[in-house]
2 protein chains.
Amino acid sequence: MQTTASEVRQAALEEFASSGYLGATIQAIADRAGVSKASVLYHYASKETLLDAALGPAIDEIATLLPGTLARARTPEEQRVFLVEFVDLLIRHRLAAQIFITQSGTLADLPIVVRAQDMIRRIAEDRPERDIDDIVRSAVALGGAAYLLAQTPRTGALAPDESVLRDSLVRILGELLAPAVV
Amino acid sequence: MQTTASEVRQAALEEFASSGYLGATIQAIADRAGVSKASVLYHYASKETLLDAALGPAIDEIATLLPGTLARARTPEEQRVFLVEFVDLLIRHRLAAQIFITQSGTLADLPIVVRAQDMIRRIAEDRPERDIDDIVRSAVALGGAAYLLAQTPRTGALAPDESVLRDSLVRILGELLAPAVV
DNA sequence: TCAGTTCCTGACCGATCGGTCAGCTACGTT
DNA sequence: AACGTAGCTGACCGATCGGTCAGGAACTGA
């Protein structure tokens, strides 16, 4: 069984993703979780605390897993391992990635968003001496993958099996990043 | 000299892009344009009308220019023409593209957003019999390009000359879309 | 049984925001 | 000069939302 706190956190994640942080109301999150608005604010002191709780796990996991695998990606096989892990992380934390990609610009003053931006920048800076094409490739790959995952739950028409999408995404990002590996 | 109406429209475009539609206040748009809040509402009946005015020109131009060039793109040279036009449209309407890509999900009930989504879907459907990789390639290219353009004004660090970015983007999207042409 | 604690709630408050309105100013027309 | 109209504004209103608070229910331990 889920605790109320974790149910509220999941409801907040879904609501923030579908309505945006500003568009999401605490009442709507409470309704989705099946509790009262005051109960939401009992478990999480504020709306911003709720966003922290919703995004935190994803940021933590990405920050701890990705850099290691990326640093180790020297051979083509290791690069494929990195790509698979990257895509799986993106799929596993699809909602969090969607929130971050689509709203980090407008929420740039929130500490949790700054933390996520710092993490991405640190990972990117780990790979020096890159030309403009490499930078563009990385940005297109990151933004494109997140955009695709953000769209698929809506446009059910072109939403195939999850694993098919995953494999294709690994393939396409591989084509994109092969010359430089992110 | 600019009319007040067009100055307000431009201010709204910038404010919607930087703060988001929900985060943008009519007062902030008025301040940016150097007029009063009541004056904004004199020229545009509502906040939603203002969004229509801000996004409309971009949607109109893309809808009238893109399909023709895309339909004609049979040879590699014609494909390059299409890519250049696509990237230039994206750059010229960078703010509108940024608003649409990052907020079309949370604003899916607004008529202007529905219109833009229909336009993109219609362009995409013009090219039948595509496999999963082609679909993923197109989505990554579209979302990635928009994400890159949305980021660059902020992270001035990696913002080179505009034309350098443009040429690189044409190159990278060319690599991505070459097998299928969007 | 009783006290303490956790979990939860309805009612309420202050602030903000979209939108309205009466009225002011400036200018063109007759 | 008199009038109409376009452009613009400050003041105001109703609604919504984030957050507070006093208190009730259920459980635990002594």
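Only heavy atoms go into these numbers, but all of them, side chains included; no hydrogens, no water, no symmetry mates. Chain letters run A, B, ... following the sequence lines, proteins first, then strands; residues in each count from 1.
Taking the side-chain contact (heavy atoms from CB on, under 4.5 Å) definition, one finds that A:H43 meets it with A:T4, A:A5, A:S39, sequence neighbours left out. Listed by chain and residue number, B:R32 satisfy the salt bridge (Lys or Arg N to Asp or Glu O under 4.0 Å) test with B:E14 (two or more places apart in sequence, or in another chain). Every residue was checked against the side-chain contact (heavy atoms from CB on, under 4.5 Å) condition with B:T64, not counting sequence neighbours, and none meets it. Qualifying salt bridge (Lys or Arg N to Asp or Glu O under 4.0 Å) partners for A:R122, counting only residues two or more places apart in sequence or in other chains: none.
Distances were taken from every side-chain heavy atom of A:A38 (C-beta onward) to each of C:dG10, D:dG19, C:dG19; the shortest belongs to C:dG10. The side chain of A:S36 sits closest to C:dG10 out of D:dT9, C:dG10, C:dC7.
For the pair B:H43 and D:dA6, the criterion of a side-chain N or O lying under 4.0 Å from OP1 or OP2 is not met. Between A:Y42 and C:dC8, a side-chain N or O to OP1/OP2 separation shorter than 4.0 Å is absent. The shortest distance between the side-chain N/O atoms of B:S46 and the OP1/OP2 oxygens of C:dG18 is not below 4.0 Å.
The base of D:dG19 lies close enough to the side chain of A:K37 for a donor and an acceptor atom to sit less than 3.5 Å apart.
B:K47 has its NZ atom 8 Å from the P atom of C:dG19, to the nearest Å. We find that CZ of B:F16 is positioned 13 Å from C1' of C:dC17, with the value rounded to whole Å.
Every pair passing ring-ring contact (aromatic ring centres under 6.0 Å, His included) that includes a residue from residues 5-36 of chain A is listed here, sequence neighbours excluded: A:F16-A:Y21.
Of the possible polar contacts, none joining the A:S6 side chain to the A:Q2 backbone as a donor-acceptor pair under 3.5 Å is found.
DNA chain C lies under 4.0 Å from no heavy atom of any residue of residues 22-33 of chain A.
DNA chain D is contacted by both B:A5 and A:L41; B:A5 maps to the nucleotide lying nearer its 5′ end (nearest heavy atom per residue).
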